[in-house]
Amino acid sequence: LYAKRFGYLVNVSPDGWVQVFRPNYNQKPLYRIRHSVGDAANNVLEVEGAESCRTMYTDVEVVGHIVGQAMHNDPQNVHAGSIRASWIHPELLPFANKLTLADNEMYTQNLAEALAKNTYEKGLWDAFSVVYKVAGHGQNGNFYTSDTLIDCDDDELGIYGPMYLAAVK
């Protein structure tokens with residue numbers, strides 16, 4: 001939960017090390033995917049894509065209620081000690097898809113805002129995936145490695161530009 005709160009991903013390397021990182025979207029793509037049937041430059045053997053709006057949230061609200069701290073006790077205000085933050089993008093979908101989270105360890109407004117933003121971004125991440133099967137183990141002298149970028153030129157799925165490589169199977 002703490003890694004999620006701060007926008008980190010957690011993974012285990014093939015040799016057993018725990019890896020905690022944030023994706024670096026500013027790096028230069030190391031590989032190129034060209035997917036177009038009948039094109040001599042096509043390097044994709046198989047492709048599988050999935051997209052869902054289930055985790056694409058138009059409004060993420062985080063509510064934290066600090067329990068037992070004397071500085072937040074106010075018998076006249078039931079919300080004393082509560083911290084609220086939202087990350088709102090109503091234009092994302094043609095309908096509202098709201099998510100409300102409760103976290104009793106939201107000690108500051110900044111923590112609540114960061115969790116709302118990171119939950120929104122993780123929802124976008126989970127909403128879309130593409131798995132390409134290509135020949136070989138790398139391109140241009142670089143082995144395929146997670147946490148790198150691929151320059152995609154996919155006429156069949158309509159995907160163009162840099163895409164994050166999250167896993168190599």
Side-chain angles (χ1 to χ4, degrees), residues 1-30 33 47-132 144-152 154 157-169:
L1 178 62
Y2 291 104
K4 177 182 174 183
R5 180 178 295 162
F6 297 107
Y8 287 97
L9 299 176
V10 179
N11 197 4
V12 177
S13 68
D15 54 354
W17 288 91
V18 174
Q19 301 171 320
V20 179
F21 62 96
R22 282 188 180 150
N24 177 5
Y25 297 109
N26 297 321
Q27 62 186 301
K28 180 182 173 191
L30 295 179
I33 291 289
V47 64
E48 181 180 320
E51 187 172 16
S52 170
C53 64
R54 179 172 285 163
T55 60
M56 296 172 71
Y57 304 112
T58 56
D59 182 354
V60 176
E61 184 170 13
V62 173
V63 178
H65 187 75
I66 303 171
V67 178
Q69 289 195 359
M71 66 183 190
H72 294 293
N73 290 338
D74 180 355
Q76 303 303 317
N77 182 358
V78 301
H79 299 295
S82 292
I83 295 175
R84 298 175 88 94
S86 294
W87 194 261
I88 301 171
H89 282 275
E91 74 285 349
L92 182 65
L93 296 170
F95 55 88
N97 189 16
K98 299 181 179 188
L99 175 69
T100 301
L101 303 170
D103 188 333
N104 289 333
E105 294 184 0
M106 289 289 111
Y107 299 113
T108 67
Q109 186 68 31
N110 289 346
L111 281 176
E113 290 169 359
L115 181 57
K117 177 180 184 264
N118 293 332
T119 300
Y120 168 81
E121 291 175 347
K122 180 71 166 71
L124 293 179
W125 170 279
D126 291 339
F128 174 77
S129 69
V130 178
V131 177
Y132 290 104
Y144 293 120
T145 307
S146 60
D147 195 27
T148 57
L149 293 184
I150 297 176
D151 185 27
C152 285
D154 189 333
L157 297 179
I159 299 170
Y160 303 98
M163 296 294 287
Y164 184 74
L165 179 57
V168 178
K169 297 179 181 183

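Numbers here simply count residues along the sequence, with the first being 1.
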About how many Å separate [atom2] of [Y] and [atom1] of [X], when rounded to the nearest 0.5 Å?
| X | Y | atom1 | atom2 | value |
| --- | --- | --- | --- | --- |
| Tyr132 | Ile150 | OH | CD1 | 8.5 Å |
| Lys169 | Ser146 | NZ | OG | 12.5 Å |
| Leu93 | Thr58 | CG | OG1 | 6.5 Å |
| Leu149 | Asn26 | CG | CG | 8.5 Å |
| Leu92 | Tyr57 | CG | OH | 11.5 Å |
| Arg54 | Asp126 | CZ | CG | 12.0 Å |

Exercise: identify the closest heavy-atom pair between [X] and [Y]:
| X | Y | answer |
| --- | --- | --- |
| Leu115 | Met106 | CD2-CE, 3.9 Å |
| Pro23 | Leu9 | CG-CD1, 3.6 Å |
| Ala116 | Ser86 | CB-C, 4.1 Å |
| Gln109 | Arg84 | NE2-O, 2.7 Å |

message = If you define the side chain from C-beta out and look only at heavy atoms, does anything of Leu165 sit under 4.5 Å from Thr145?
response =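 Result no, sub-4.5 Å side-chain heavy-atom pair not found.
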query = Taking only residues two or more places apart in sequence or in another chain, which ones pass salt bridge (Lys or Arg N to Asp or Glu O under 4.0 Å) with Asp147?
reply =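 Applying salt bridge (Lys or Arg N to Asp or Glu O under 4.0 Å) to Asp147 gives none.
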task = Take the angle between the ring planes of His89 and Tyr120 and call it parallel below 30°, perpendicular above 60°, tilted in between.
result =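 Parallel: the ring planes of His89 and Tyr120 meet at under 30°.
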ask   = If you count the non-hydrogen atoms of other residues, nucleotides and ligands that lie under 6.0 Å from CZ in Phe21, is the total more than 12?
value = yes
query = Is atom CD of Glu91 surrounded by more than 12 heavy atoms (other residues, nucleotides or ligands) closer than 6.0 Å?
reply =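 Yes, the 6.0 Å shell around CD holds more than 12 heavy atoms from other groups.
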inquiry  = Could you walk me through whether Tyr8 and Val10 satisfy the side-chain contact (heavy atoms from CB on, under 4.5 Å) test, starting with their C-alpha distance in whole Å, then the side-chain angles of each, then the deciding distance to 0.1 Å, before giving a yes or no?
reply    = CA-CA 7 Å; Tyr8 287 97; Val10 179; 5.5 Å; no
message = Walk me through whether Glu113 and Lys117 qualify under salt bridge (charged side-chain N to carboxylate O under 4.0 Å, His left out).
response = CA-CA 6 Å; Glu113 290 169 359; Lys117 177 180 184 264; over 6 Å; no
query = Could you go step by step and tell me if Met56 and Leu124 meet the side-chain contact (heavy atoms from CB on, under 4.5 Å) rule?
reply = CA-CA 5 Å; Met56 296 172 71; Leu124 293 179; 4.1 Å; yes
ask   = What residues, two or more places apart in sequence or in another chain, satisfy ring-ring contact (aromatic ring centres under 6.0 Å, His included) together with Tyr25?
value = Tyr164
